Amino acid sequence: MPDHDAQPQRTSPFTRSLLAPNAGPMTLDGTNSYLIAAPGTTDIVVVDPGPLDDGHLAALAAAGRVTLVLVTHRHADHTAASAQFAELTGAPVRAFDPAYCLGGDPLVDGELIEAGGTSIHIVHTPGHTDDSVCLHLPDDGPTGSVLTGDTILGRGTSIIDGTLADYLASLECLRALGPAIVLPAHGPVLPDLAASCDTYLAHRRERLDQVRAALRELGDDASTAQVTDVVYAQTDAAVRFAAEASVRAQLAYLRGSS
């Protein structure tokens, strides 16, 4: 677990990350808060200030002059500190969902933001949540980078709190960005976005096949809980709710309601 003396670590030519002290079954090692700044730039953009932790926020604020805060989606491990961090830095907070904006406009799919000495492209990627966005930095190294929030994790797979159809479309959209560096909100940096999307898409196809098999065994009207018992039989009780959320999305997809 990180301590309050932790310093941001270099994750790509234009980004550094600071791991929040909120490790757990759903957050892995904790939430990665990112700082975006091109070399030679004193202004920085902070992405996902994270949970309410004074030491973490102080370390982010000390990293440079924060001019903008972006959040990748609404979950509390990304947004709980937004108001306190905005007060600490004076920087506006922007999110896709207006409810999570503070002193700034909602993010728009396809929007280009010039900040931190570079270009930040907003890519709406619903699926993990309906308000999830990824941030594409095309000039960040030879292949560019993408801050993926919880849409793609550095380890394991993400839950679906939105619809599976949206999530599959979002993965295809990200895949088209090519072999960019993956900067996830949880887990380590990954080297190739397109390859990560291929892995995630294959995993989703496998899960759908498992759900179909469970329905053949249990009957087409089987409940979410019954299918979860079969498909996620080895899942830890602490993350059972997440498994059920994904099964609910998979059943809705197969039954044609999403």
Side-chain angles (χ1 to χ4, degrees), residues 19-20 22-33 47-48 50-51 71-80 95-97 100 123-135 146-175 182-188 190 193 196-215 222-255 257-258:
L19 183 62
N22 62 332
M26 295 301 297
T27 57
L28 303 181
D29 305 317
T31 301
N32 294 318
S33 296
V47 180
D48 291 338
V71 294
T72 59
H73 64 290
R74 64 177 180 264
H75 285 157
D77 58 304
H78 300 254
T79 61
F96 192 83
D97 185 338
Y100 294 88
V123 185
H124 183 212
T125 50
H128 172 69
T129 61
D130 56 6
D131 68 323
S132 287
V133 295
C134 293
L135 312 178
V146 178
L147 286 76
T148 55
D150 287 5
T151 299
I152 293 178
L153 306 179
R155 185 171 69 250
T157 55
S158 185
I159 71 163
I160 301 168
D161 200 15
T163 73
L164 180 57
D166 279 347
Y167 188 60
L168 295 174
S170 292
L171 290 174
E172 292 287 2
C173 177
L174 291 175
R175 187 179 182 278
V182 179
L183 303 170
H186 304 283
L190 299 174
L193 177 62
S196 294
C197 290
D198 284 342
T199 298
Y200 267 52
L201 287 164
H203 172 75
R204 287 296 157 199
R205 288 192 292 268
E206 180 182 2
R207 283 298 193 201
L208 282 171
D209 286 343
Q210 291 170 347
V211 171
R212 290 186 184 99
L215 291 175
S223 68
T224 295
Q226 289 173 314
V227 174
T228 304
D229 287 341
V230 173
V231 176
Y232 293 88
Q234 306 304 315
T235 297
D236 190 298
V239 294
R240 165 80 184 200
F241 75 95
E244 288 198 359
S246 287
V247 167
R248 194 173 299 113
Q250 292 161 23
L251 288 173
Y253 180 81
L254 291 174
R255 290 167 175 166
S257 57
S258 69

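The first residue in the sequence is number 1, and the count goes up from there. As the structure is a prediction and not an experimental result, all values here were calculated from the model.
Contacts of S223 classified as side chain to side chain donor-acceptor pair (under 3.5 Å), with partners at least two apart in sequence or in another chain: Q226. Taking the ring pair (Phe, Tyr, Trp, His ring centres under 6.0 Å) definition, one finds that F96 meets it with H124, sequence neighbours left out. For the side chain to side chain donor-acceptor pair (under 3.5 Å) test, no residue two or more places apart in sequence or in another chain qualifies with T228. With sequence neighbours left out, S132 forms a side chain to side chain donor-acceptor pair (under 3.5 Å) with T129. Qualifying salt bridge (charged side-chain N to carboxylate O under 4.0 Å, His left out) partners for R240, counting only residues two or more places apart in sequence or in other chains: D229, E244. Not counting sequence neighbours, the partners of A238 by the side-chain contact (heavy atoms from CB on, under 4.5 Å) test are P25, D236. Considering only residues two or more places apart in sequence or on other chains, S33 meets the side chain to side chain donor-acceptor pair (under 3.5 Å) condition with H56. Partners of T235 under the side-chain contact (heavy atoms from CB on, under 4.5 Å) rule, at least two apart in sequence or in another chain, are Y232, V239, A243.
Contact check for Q210 versus V227: no side-chain heavy atoms found under the 4.5 Å cut-off. Side-chain contact between V211 and L251 is present, with at least one heavy-atom pair separated by less than 4.5 Å. The closest side-chain heavy-atom distance from V146 to V182 is not below 4.5 Å.
Taken to the nearest 0.5 Å, the CG atom of N22 stands 4.5 Å off from the OG1 atom of T27. Taking CG from L183 and CG from L135, the interatomic distance works out to 9.5 Å, rounded to the nearest 0.5 Å. Remark: L193 CG to L174 CG distance equals 5.5 Å, nearest 0.5 Å. Rounded to the nearest 0.5 Å, atoms CG (L164) and CG (L254) are 8.0 Å apart.
Of all heavy-atom pairs spanning G127 and I160, the tightest one is O-CG2, 3.4 Å. When all heavy atoms are compared, the tightest approach of S158 to Y167 is CB-OH, 3.9 Å. Here the shortest heavy-atom pairing between P51 and A20 reads CD-CB, 3.6 Å. Considering every non-hydrogen atom in both T157 and Y200, the closest pair reads CA-OH, 3.5 Å. Nearest heavy atom pair, residue A249 against residue G162, reads CB-O, 4.1 Å.
Applying the salt bridge (charged side-chain N to carboxylate O under 4.0 Å, His left out) rule to pairs touching residues 156-166 yields R74-D161, sequence neighbours excluded. Listed by first and then second residue, the salt bridge (charged side-chain N to carboxylate O under 4.0 Å, His left out) pairs involving residues 196-207 are R175-D198 (not counting sequence neighbours).
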N/O donor-acceptor pairs under 3.5 Å from side chains in residues 148-155, not counting sequence neighbours:
residue : atom : partner : partner atom : Å
T148    : OG1  : I152    : O            : 2.8
D150    : OD1  : H78     : NE2          : 3.3
D150    : OD1  : H186    : NE2          : 3.2
D150    : OD2  : H73     : NE2          : 3.3
D150    : OD2  : H78     : NE2          : 3.3
D150    : OD2  : H128    : NE2          : 3.3
T151    : OG1  : T125    : OG1          : 3.4

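Between D97 and the options D130, V71, V133, D131, a side-chain contact (heavy atoms from CB on, under 4.5 Å) holds for only D131.
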Checklist entry - What do the steps show when you test L215 against R255 for side-chain contact (heavy atoms from CB on, under 4.5 Å), and what is the final call? => result CA-CA 11 Å; L215 291 175; R255 290 167 175 166; 3.9 Å; yes
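Side chain of S170 to backbone of P126: a donor-acceptor contact under 3.5 angstrom is found.
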